[in-house]
There are 2 protein chains.
Amino acid sequence: MGEKRSYGQHCTVARALDVVGERWTLLVVRELSTGPKRYKDLLGGLPGIGTNLLANRLKSLAGEGIVSRGTLPPPAGSSVYELTSLGRSLEPVIVELSRWGAGLMDTPREGDDLRPGWAAVAVRSAMAREAAGGCSGTYELRIDGVAFHLRVGDGQADCVEAWQGSTPAPDLVVAGDAESFVAVASGKLSPEEAVESGALWAEGQEDQAALLAWCKRLVGRTAA
Amino acid sequence: MGEKRSYGQHCTVARALDVVGERWTLLVVRELSTGPKRYKDLLGGLPGIGTNLLANRLKSLAGEGIVSRGTLPPPAGSSVYELTSLGRSLEPVIVELSRWGAGLMDTPREGDDLRPGWAAVAVRSAMAREAAGGCSGTYELRIDGVAFHLRVGDGQADCVEAWQGSTPAPDLVVAGDAESFVAVASGKLSPEEAVESGALWAEGQEDQAALLAWCKRLVGRTAA
DNA sequence: CGGAATCCTCTTCGATACTG
DNA sequence: CAGTATCGAAGAGGATTCCG
C-alpha cells in the first residue's frame with residue numbers, strides 16, 4: 001500500500017514537510033508539546049480529526065521517531081503518547097507558526113473550538129521571544145481552571161500541563177480564561193486592559209504590578 | 001465550491017496552518033523567498049505541483065495578502081509574483097523548518113530534484129542562527145553557477161537571487177555545487193572537508209582561511 | 001508563448017460504525 | 001478505551017485545451 005508521499009526534493013524545508021507537513025501532523029505535535037496524552041485526550045484536543053487519521057498520524061510519527069508510547073507512572077498506569085527529543089526539537093517550528101498566526105487572530109470565529117492547552121501554547125510561544133533576551137522565571141497558569149507550569153529561561157520557554165497539582169514556589173500564579181490568554185499573547189488585548197478589566201488576574205496575592213509586568217513581557221514590550 | 005477548509009480552532013498555530021498549512025503552500029513561499037518569480041519559474045522550482053494547483057495556491061496566497069503580483073522593471077517587464085511584507089514575515093517559519101529538516105538530510109535520495117535556490121535557502125536558514133549572535137557580512141554565493149546575494153546581520157539573514165549580476169564588494173565569493181552547500185548547511189559535511197576537498201571554494205581570491213571561517217559560521221561552530 | 005481553466009484518475013480525508 | 005474497517009466527499013496530479 002501507501003508508499004509515503006514525498007515532494008522528491010533534496011531541500012531541507014521540503015524534507016521537513018515530507019515528515020510533518022501533512023494535515024493534522026503538526027497539531028498532534030502541538031498537543032503533545034504540553035505533556036504526554038492518551039489517545040482519547042488527543043482525540044479530544046483535535047476536534048474533527050477522525051480516529052483513523054489520528055491512528056495513522058501517530059503510527060507515522062512513531063515510525064519517524066518523533067513520538068513514542070509510554071506508560072504513565074502509578075497510579076495512572078495508562079498508556080500515553082509523548083514526544084521524543086526529536087519531537088521536542090520541533091518546538092521552534094511550533095513557536096514561529098504560533099507567532100505568525102498570532103497576527104491573524106481576532107475574536108473567535110463562529111463555531112471555533114478553544115482549549116486551555118492551545119492558549120498555553122500561544123503563551124509559551126510568545127514568551128520564547130522574551131526568553132532569548134535572558135529573562136527567566138517560573139509561573140503557574142490557570143487557564144479555565146487547568147493548571148500549567150511555565151518556565152522561562154536560557155533562551156527558551158517550557159509549558160506543560162500540571163496534572164500533579166502544585167508548582168513549587170512559582171514567581172506568580174496567573175489565572176483567566178483561554179480566550180483572554182490568547183488575546184493577550186496575540187497582542188489583541190493590551191496588558192493594561194487585561195489587568196484592569198479582570199480578564200487576567202493574579203491568584204493568591206494582590207500583586208497587580210507583577211501581573212502587569214508579566215503581561216508586558218508576554219507581548220514583548222519592555223516593561224518599566 | 002470550496003469553502004476554505006479550516007481546523008476550526010481558536011489557536012495561533014492552527015490559524016497559521018489554516019492559511020499556509022496546505023500541501024505545497026510553504027514551498028511556494030520558499031520559492032519566492034529568494035526573490036520574485038514568474039509563473040513559469042515557480043512551476044520549474046516546484047516539480048510535480050501541477051499547473052492548476054499552483055494557480056489555486058497563488059490565488060489563495062494573494063487573497064490572504066501573502067503574495068502580490070508585480071511587474072519587473074525594464075527590460076524584463078514580465079509579470080511576476082512576490083512576497084508581501086506579511087509573506088516575508090513567514091521567514092522564521094521557513095528558517096525553523098529548514099533547520100529541523102537539516103537533521104534529516106543525508107545524500108540525495110534516488111530521483112530527488114535539487115535546485116540552486118533550495119541550497120540558498122538552506123544556507124540562509126543556517127546563517128540565521130549565527131546572525132542572532134551579532135555576526136554580519138555580505139557574501140556572494142555561486143551555486144551551480146547561479147549567483148545569490150547573502151547579507152547577514154542585525155539578527156537575520158537575507159539571501160536573494162542576483163539576476164542583476166554583481167554583488168557590490170562582497171566580503172567573500174563562495175562557489176560550489178548545490179549538493180555541497182546543502183551538505184555543509186546540514187552539518188553532514190564538515191567545513192574542513194568541504195574546503196580541503198574543493199567541494200566549496202573561494203572565487204577570485206585564494207583566501208582559504210576566510211572560506212573556512214565562513215563555513216564554520218554556517219554550521220554554527222565558533223571559528224578561531 | 002506565458003498563464004491559467006478543464007477533465008479525469010487516483011489518493012487522502014472525514015465521519016460513522018465496528019472490533020479487540 | 002484504543003484503535004480498525006468502511007465508504008462517500010474532497011483534494012492532488014497529470015494531460016490537454018483555452019485565452020491573450
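All heavy atoms count here, side chains included; hydrogens, waters and symmetry mates do not. Below, chains carry the letters A, B, ... as their sequence lines are ordered, and counting in each starts from 1.
The interatomic distance linking B:Leu42 (CG) with C:dA4 (P) rounds to 10 Å, in whole Å. Look at NZ on B:Lys59: it is 11 Å from C1' on C:dG3, rounded to the nearest Å. Rounded to a whole Å, the CG atom of B:Leu43 is 10 Å from the C1' atom of C:dG2. We find that CG of B:Leu46 is positioned 11 Å from P of D:dG13, with the value rounded to whole Å. The CG-P distance, from A:Asp18 to C:dT12, rounds to 13 Å in whole Å. Between the P atom of C:dA4 and the CG atom of B:Asp41 lies a distance of 13 Å, rounded to the nearest Å.
B:Asp171 is linked by a salt bridge (Lys or Arg N to Asp or Glu O under 4.0 Å) to nothing, counting only residues two or more places apart in sequence or in another chain. Scored by the side chain to side chain donor-acceptor pair (under 3.5 Å) test, A:Arg30 finds B:Gln9 as partners (sequence neighbours excluded). Applying the salt bridge (Lys or Arg N to Asp or Glu O under 4.0 Å) test to A:Arg23 and every residue at least two apart in sequence or in another chain returns nothing. In this structure, the salt bridge (Lys or Arg N to Asp or Glu O under 4.0 Å) partners of A:Arg109, at least two apart in sequence or on a different chain, are A:Asp112, B:Asp18. Listed by chain and residue number, nothing satisfies the ring-ring contact (aromatic ring centres under 6.0 Å, His included) test with B:Tyr81 (two or more places apart in sequence, or in another chain). The side chain to side chain donor-acceptor pair (under 3.5 Å) search around B:Trp100 returns A:Ser89, not counting sequence neighbours.
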Sequence neighbours excluded and cut-off under 3.5 Å, please list the side-chain donor-acceptor pairs for residues 180-188 of chain A, or say none.
from: A:Ser180; atom 1: OG; to: A:Asp177; atom 2: OD1; distance (Å): 2.9
from: A:Ser180; atom 1: OG; to: A:Asp177; atom 2: OD2; distance (Å): 3.4
from: A:Ser186; atom 1: OG; to: A:Val182; atom 2: O; distance (Å): 2.7

Which atom pairs, donor and acceptor, lie under 3.5 Å between side-chain atoms of residues 59-66 of chain A and protein residues at least two apart or in another chain?
from: A:Ser60; atom 1: OG; to: A:Asn56; atom 2: O; distance (Å): 3.2
from: A:Glu64; atom 1: OE2; to: A:Lys4; atom 2: NZ; distance (Å): 3.2

Result block: side-chain N/O donor-acceptor pairs under 3.5 angstrom for residues 114-122 of chain B, not counting sequence neighbours:
from: B:Arg115; atom 1: NH1; to: B:Gly44; atom 2: O; distance (Å): 2.1
from: B:Arg115; atom 1: NH2; to: B:Asp113; atom 2: OD1; distance (Å): 3.3
from: B:Trp118; atom 1: NE1; to: B:Glu31; atom 2: OE2; distance (Å): 2.8

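The terminal axes of the helix from C:dC1-D:dG20 to C:dT19-D:dA2, fitted over 5 pairs per end, subtend an angle of 30° to the nearest 10°.
Contact detail for B:Ala199 and B:Leu189: the closest heavy-atom pair is CB-CD2, 4.2 Å.
Of the residues in residues 27-39 of chain A, A:Arg38, A:Tyr39 come within less than 4.0 Å of DNA chain D through at least one heavy atom, sorted by number.
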### Task
Can you check each nucleotide of nucleotides 13-20 of chain C against protein heavy atoms at under 4.0 Å and return B for base, S for sugar-phosphate only, - for none, in 5' to 3' order?
SBBBB---
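A close approach under 4.0 Å does occur between a side-chain nitrogen or oxygen of A:Tyr81 and OP1 or OP2 of D:dG3. An OP1 or OP2 oxygen of D:dA2 is reached within less than 4.0 angstrom by no side-chain nitrogen or oxygen of A:Lys40.
Once rounded to the nearest 0.5 Å, the distance linking SG of B:Cys215 with CG of B:Leu200 reads 5.0 Å.
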